[in-house]
Amino acid sequence: MATFFDYLTWRGDILFSERPFNEVDNLIFSEMAYLDFGQVTAESGTTLYAAYEAYQKLEEPTDYNVNNPVALFIAAANSKRFYNVTAERFVNILDKERQIQFCAVTFRLPDGTLYVAFRGTDSTIVGWREDFNLSYMDETPAQGEAVKYLEDVIRNTEGLVRVGGHSKGGNLAVYAAAFCAPELRDRIVAVYSNDGPGFTKANIEREGFKEMLPKLLHYIPEASIVGTLFSHEKDSIIIKSDGKNGADQHFAEKWQIERDHLVRGEKQTKVSSVLDDTVDKWMNGLSLEERKTLVDTIFDTLEGLDAETMAELTRNKWTAIPGFIKGLAGQEADVRKTVMDTVVKLAKSGKKVLMKEE
């Protein structure tokens, strides 16, 4: 089936003035947030085509381990629809001590509207740790930065605003839109979460979250894993993907597209539903302190290994796995017990869900 690359081939010559912004454009902007715009743009803004020309001259472009956005960026920058879209206000924060991986960029369309794009998780261990922190924190450092970033954009620009992102970027988009200053929310016309994880129950019960629900569009592929995590207050829009499994379907470049929309699926796969129910039951059976202990133990151990990214761990798995096991064994007895208890609860939750399915 067609993907957003086909969309750019077939409809890339159609200007925004001829056909308005659509959900495929949303997906393209959210995926381009993975690009290191700091290498090719000025803070005041640079058109995508000018950024492409700058990219061509780079001696050492960024090496992307996952979610490589370069091919999409080049195709979009060379299309009539996107070439004069401006990329501005690029921010990139990676701080191990603060446990934060945060990146955002704002796209200004020819009609003056804005798309504020938040990047999803990169391959760093810090980034993955922050994802898991969502399980027990009402506000992660990246979520706090997302609110500040969106408020700064709205206060210092004009025009209607769309907010979106892929994976964790979708979570940040929803959080920022829901919990930015109330007087700024009227400028926001839509919020796009592309297979983004959900929130703690405390967050979905807050007034700002409820206010933003009518503007929220949450897309998940049929075999979604990431987009079903944690709590969601609104039904998801299920779409088709060419990916072979849940992990593969998470990559937006495989989402099926027809003309100017994402192809709808009928329902989640059984595996996705079972995993969703299992994780929900497991999480509901853990206290916030148990969740924190589990996350801290796993990632403190990972950070003790000689690696900065998950890709490095995968490449060196034959040394990383024994090192990880040894690191867990070296934890205090009460910590080891908490970790084992939570794993046992996960197994029991899965068994109950599977028995119910049967």
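All values reported here derive from a predicted model rather than from experimental measurement. Values below: all heavy atoms of this structure, side chains included; hydrogens, waters and symmetry mates excluded.
- Atom CH2 in W255 sits 13.0 Å away from atom OG1 in T3 (nearest 0.5 Å).
- A donor-acceptor pair under 3.5 Å is absent between the side-chain atoms of R119 and the main chain of G169, judged by distance alone.
- Hydrophobic clustering (side-chain heavy atoms under 4.5 Å, transitive across Ile, Leu, Val, Met, Phe, Trp, Tyr) groups V191 together with F199.
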Between E31 and H166, does a side-chain contact (heavy atoms from CB on, under 4.5 Å) hold up when you go through it step by step? CA-CA 7 Å; E31 283 296 291; H166 170 257; 3.2 Å; yes

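- Considering CG of D111 and CG of L160, their distance stands at 8.5 Å, rounded to 0.5 Å.
- Looking only at atom types and distance, the side chain of N156 has a donor-acceptor partner in the side chain of D152 under 3.5 Å away.
- Judged by distance alone, the side chains of T62 and Q39 do bring a donor and an acceptor atom under 3.5 Å apart.
- Using modelled atom types, one finds a donor on one side chain and an acceptor on the other under 3.5 Å when comparing N171 with Q143.
- A cation-pi contact, defined as under 6.0 Å to the ring centre and within 45° of the axis, is absent between R89 and Y149.
- With rounding to the nearest 0.5 Å, the separation of OG in S241 from CD in E253 is 9.5 Å.
- A donor-acceptor contact closer than 3.5 angstrom is absent between the side chains of H250 and S224.
- Of the listed residues (E151, E207, E211), just one forms a salt bridge (Lys or Arg N to Asp or Glu O under 4.0 Å) with R185, and that residue is E211.
- Taking a 6.0 Å sphere around CD of E158, one finds it holds 12 or fewer heavy atoms contributed by other residues, nucleotides or ligands.
- With hydrogens and angles ignored, the 3.5 Å screen pairs a side-chain donor or acceptor of D195 with a backbone N or O of G227.
- The aromatic rings of F29 and F21 lie parallel to each other, their planes meeting at an angle below 30°, with 60° marking the opposite boundary.
- For the residue pair Q249 and K244, no side-chain donor N or O sits within less than 3.5 Å of a side-chain acceptor on the partner.
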What verdict does the side-chain contact (heavy atoms from CB on, under 4.5 Å) test give for F16 and V85, after you've listed the backbone C-alpha separation in whole Å, the side-chain angles of each residue and the deciding distance to 0.1 Å? CA-CA 10 Å; F16 281 102; V85 168; 4.1 Å; yes

What verdict does the ring-ring contact (aromatic ring centres under 6.0 Å, His included) test give for F37 and F107, after you've listed the backbone C-alpha separation in whole Å, the side-chain angles of each residue and the deciding distance to 0.1 Å? CA-CA 11 Å; F37 278 101; F107 297 102; 5.7 Å; yes

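- Taking the charged nitrogens against the carboxylate oxygens, R19 and D260 have no contact shorter than 4.0 Å, which rules out a salt bridge.
- For the side-chain contact (heavy atoms from CB on, under 4.5 Å) test, residues two or more places apart in sequence or in another chain that qualify with A51 are V40, T41, T46, F73.
- Between Y192 and Y219, the angle of the ring planes stays under 30°, which puts this pair in the parallel group of the 30/60° scheme.
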Run K267 and E222 through salt bridge (Lys or Arg N to Asp or Glu O under 4.0 Å) and show every step you take. CA-CA 6 Å; K267 60 182 180 179; E222 292 170 309; over 6 Å; no

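- Side-chain contact annotation: N84 with T47, donor-acceptor N/O pair under 3.5 Å absent.
- Crowding of E183 atom CD: a count of heavy atoms from other residues, nucleotides or ligands under 6.0 Å exceeding 12.
- Cation-pi contact between R206 and F179: present, with separation from the ring centre below 6.0 Å and deviation from the ring axis of at most 45°.
- The pair E145-R98 meets the salt-bridge criterion, with a side-chain N (NZ, NE, NH1 or NH2) lying under 4.0 Å from an Asp/Glu carboxylate O.
- Checked by atom type and distance alone, the side chain of R162 never pairs as donor or acceptor with a backbone atom of A190 at under 3.5 Å.
- Side-chain polar atoms of D25 and Y7 form a donor-acceptor pair below 3.5 angstrom.
- Rounding to the nearest 0.5 Å gives a distance of 11.0 Å between CG of L150 and CG of L172.
- In this structure, K254 NZ and D248 CG are separated by 3.0 Å, a value rounded to the nearest 0.5 Å.
- A donor-acceptor contact shorter than 3.5 Å links the side chain of T157 to the backbone of V153.
- No side-chain donor-acceptor contact under 3.5 Å links D36 and N92.
- For the atom pair F251 CZ and D242 CG, the distance stands at 14.0 Å (nearest 0.5 Å).
- At least one donor-acceptor pair under 3.5 Å links the side chain of N78 to the backbone N or O of I74.
- With hydrogens and angles ignored, the 3.5 Å screen pairs no side-chain donor or acceptor of K215 with any backbone N or O of V189.
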